[in-house]
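Counting convention: from 1, in listed order, for ligands and their atoms alike.
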Amino acid sequence: MRLTRRHFLSTALSAGAAAGVPALFSACTASKAGTPRPSSPATQFNPPSQAAFPKGFFWGTATASYQIEGAWKEDGKGESIWDRFTHTPGKIKNGDTGDVACDSYHRCVEDIALMHAMNLNSYRFSISWPRIQPSGSGVVNQKGMDYYRRLVDALLAENIRPFVTLYHWDLPQPLQDAGGWTNRDLVGRFADYVQMVAKALGDRVSDWMIFNEPSVFTYSGYLVGEHAPGHASLVDFLRATHVVNLAQGAGFRALKAARPQARVGTAFNMSACEPATDSEADKLAAERAHAITNVWFLETALHGRYPEAFTFLPETIMRMKSGDMEQMRAPLDFIGINLYVRTIASAAGAFERITNLQDWLYPVKMEGGHQGSMTDIGWEVWPKALSDMIMRITRDYNRPVIEITESGCAYNDGPDASGAIHDNRRTAYHQGYIAGVAQAISEGADVRGYHAWSLLDNFEWAEGYSQRFGLSYVDYSTQKRTIKDSGMWYGKVTAENRLQPV
Ligand code: FCB
């Protein structure tokens with residue numbers, strides 16, 4: 001969830017608490033005297049610095065429509081919740097918006113040239129629902145669909161796989177006005193939209209993700225309120241997670257009905273959850289953290305049930321109906337993993353449990369690790385988290401096909417006098433995380449691809465343009481793109497299908 005990544009310790013939870021937001025996923029307090037010793041020496045691992053990858057491995061980058069496209073009201077596009085949210089004063093750092101972003105709507109040919117220069121064979125991007133259906137329902141906006149058709153064709157011409165996310169957070173605003181993800185009617189609307197896109201692009205796109213990070217957009221959008229639509233309600237959050245689970249099942253069926261051969265997954269945000277100590281209570285807390293962070297939208301899809309995150313399942317609050325468990329099922333063809341950090345979990349104290357409703361429901365405290373170095377956004381670099389997570393999913397779900405759909409780091413290095421960007425820390429980050437993938441493959445995992453977040457520096461949600469994640473630098477005043485040193489290094493990895501020394 002976002003708390004395991006973004007404002008996890010510092011801002012989200014304390015701000016949430018100050019605003020009276022339920023402290024459902026409250027931050028960890030300092031270590032307690034007299035508690036059991038740490039569960040394991042959390043040493044870094046020593047993966048190979050050079051490793052060959054399986055033939056046909058997908059090397060890509062990932063982006064999202066709102067974060068790069070701009071053109072926010074062009075060619076008939078409707079307003080999205082992110083347009084509304086960023087245009088609301090006080091929501092985004094420096095008042096930034098995605099109105100222009102990287103202007104990729106007009107520069108996608110240039111962007112594909114960057115991919116070509118980095119020898120990529122996969123590009124994960126998302127479709128903006130309000131470009132396709134400006135009001136969230138009704139007939140297709142042809143100009144919007146044509147944009148994605150041109151993009152897909154241009155990718156195919158360069159032998160780059162179009163890897164398409166159907167929903168990366170930019171809901172049409174009129175659907176939000178009707179309750180957004182707390183309203184069950186959205187399930188049918190979403191299925192209609194999915195079918196429309198599958199019919200139009202499914203002759204040339206084979207690989208799809210239904211959602212990007214369902215736990216982040218429900219958590220950050222409905223519980224903490226730092227993302228659109230900015231709600232801060234425990235009830236809304238719980239309801240939204242259930243509607244999203246139903247929509248995932250319905251979206252899966254809609255896609256397969258239109259394109260039976262399509263390969264369909266979701267990009268889940270994941271974080272390896274470790275107990276703070278070897279006590280039974282902390283181990284249980286780590287399992288609860290895993291349930292809510294990693295598999296709340298996966299266990300439902302693959303097994304038609306909710307994992308045990310809470311002390312009881314709040315079915316009434318979630319407005320569950322009989323038959324819902326079946327509706328949530330979606331036998332995904334692959335599991336997408338977005339992973340940046342690990343999570344350290346410990347049990348909430350007895351006092352907190354009885355005095356705080358949320359701690360009673362979810363008696364877990366979570367925080368990020370602090371042993372690795374920190375990126376500019378404050379996330380710990382811990383490559384072992386990726387191999388641990390891949391292996392956990394591999395064991396628990398019977399060796400599924402896995403794609404790493406995102407991993408990346410914010411470092412704000414800029415051009416030197418010659419215009420070059422020496423972002424060695426980013427190269428080291430990807431070297432470590434790709435080595436984590438190699439390690440997992442050597443232990444038997446079936447990983448088919450790695451997508452660096454991101455192709456370009458771009459609009460980083462609540463952080464605006466203050467955090468640069470790109471393998472290419474964007475000068476926002478001219479929109480000039482420059483491949484950073486990390487992108488050049490990545491280009492060698494992709495060309496040789498082998499991890500390269502830094
Ligand atoms: C992920 C999002 C992506 C980007 C990266 C840094 O949670 O999916 O859009 O913001 O984090």
Next item on the list: Output the list of atoms in ligand 1 that are nearer than 4.0 Å to some heavy atom of Gln67, sorted by atom number.
Entry: 3 (C), 4 (C), 9 (O), 10 (O)

Margin query: Within the 4.0 Å heavy-atom shell around Trp461, which atoms of ligand 1 are there?
Written below: 3 (C), 4 (C), 9 (O), 10 (O)

Check: Do the two ring centres, one from Phe252 and one from Phe211, sit under 6.0 Å apart?
Finding: no

Check: Salt bridge or not for Asp75 and Arg131, using N-O below 4.0 Å?
Finding: no

Next item on the list: Just say parallel, tilted or perpendicular for the rings of His227 and Trp82, cut-offs at 30° and 60°.
Entry: perpendicular

Checklist line | Glu460 with Lys93: basic N within carboxylate O range, under 4.0 Å | finding: no

Margin query: As a test of understanding, state which of Arg426, Arg425, Lys484 forms a side-chain hydrogen bond (donor to acceptor under 3.5 Å, both in side chains) with Asp413.
Written below: Arg425

Next item on the list: Would you check whether Trp379 has a nitrogen or oxygen atom less than 3.5 angstrom from a nitrogen or oxygen atom of ligand 1?
Entry: no

Item checked: ligand 1-proximal atoms of Asn269, by part, heavy-atom distance under 4.0 Å -> neither

Next item on the list: Return yes or no for this condition: an N or O of Glu213 is under 3.5 Å from an N or O of ligand 1.
Entry: yes

Checklist line | Set of residues satisfying side chain to side chain contact (heavy atoms under 4.5 Å, CB included) with respect to Arg107, sequence neighbours excluded | finding: Asp103, Glu110, Gln479, Arg481

Item checked: Asn212 neighbourhood, listing ligand 1 atoms whose heavy-atom distance to it stays under 4.0 Å -> 8 (O)

Notebook entry, point to check: Near Phe469, which atoms of ligand 1 are under 4.0 Å from a heavy atom of that residue?
Noted result: 6 (C)

Item checked: Reported CZ-to-CZ distance for the pair Arg124 and Phe58, which is rounded to 0.5 angstrom -> 14.5 Å

Check: Under 3.5 Å between some N or O of ligand 1 and some N or O of Trp453?
Finding: no

Note to self: If you take the nearest heavy atom of each of His168, Glu460, His227, which one is closest to atom 10 (O) of ligand 1?
What the structure shows: Glu460

